[in-house]
Amino acid sequence: MTAVVLGWGAVEDPQVAEACDRGFGMDRVRARTNLGYDLISVITLGFVRPLDLSYRCYTGESPVGSTRD
């Protein structure tokens, strides 16, 4: 998904906030940018900052396992 951060992070993108609505939230989030996105950010003095986001929703299960063995 491509998200746009506005106002140096003051304006929240509701699409990202509601991405994982099962009550557990996000497990892993990776944000990437590229030269074009950086150019937009420099031209707008950082007011507009596009990012490519990839995320995985938390399922409620821990991959580590139990602490009681």
Flag side-chain contact, heavy atom, 4.5 Å: Ser41 against Val48 = no
Side chain to side chain contact (heavy atoms under 4.5 Å, CB included) assessment of Thr2 paired with Leu51 | CA-CA 6 Å; Thr2 300; Leu51 297 168; over 6 Å; no
Under the salt bridge (charged side-chain N to carboxylate O under 4.0 Å, His left out) test, residues paired with Asp52 that sit two or more places apart | none
Closest non-hydrogen contact found for Pro50 with Thr33 is O-OG1, 4.1 Å
List in chain and number order the residues that pass side-chain contact (heavy atoms from CB on, under 4.5 Å) with Arg30, two or more places apart in sequence or in another chain; answer none if no residue qualifies.
-> Arg32, Ser54
Going hydrophobic residue to hydrophobic residue with side-chain gaps under 4.5 angstrom, can you get from Val4 over to Tyr37?
-> no
Output the rest of the hydrophobic cluster of Leu39: all Ile, Leu, Val, Met, Phe, Trp and Tyr residues reachable through side-chain heavy-atom contacts under 4.5 Å, sorted by chain and number.
-> Ile43
By side-chain hydrogen bond (donor to acceptor under 3.5 Å, both in side chains), which residues pair with Thr44, not counting sequence neighbours?
-> none
In short, salt bridge (Lys or Arg N to Asp or Glu O under 4.0 Å) pairs touching residues 39-50 with sequence neighbours left out are Asp38-Arg49
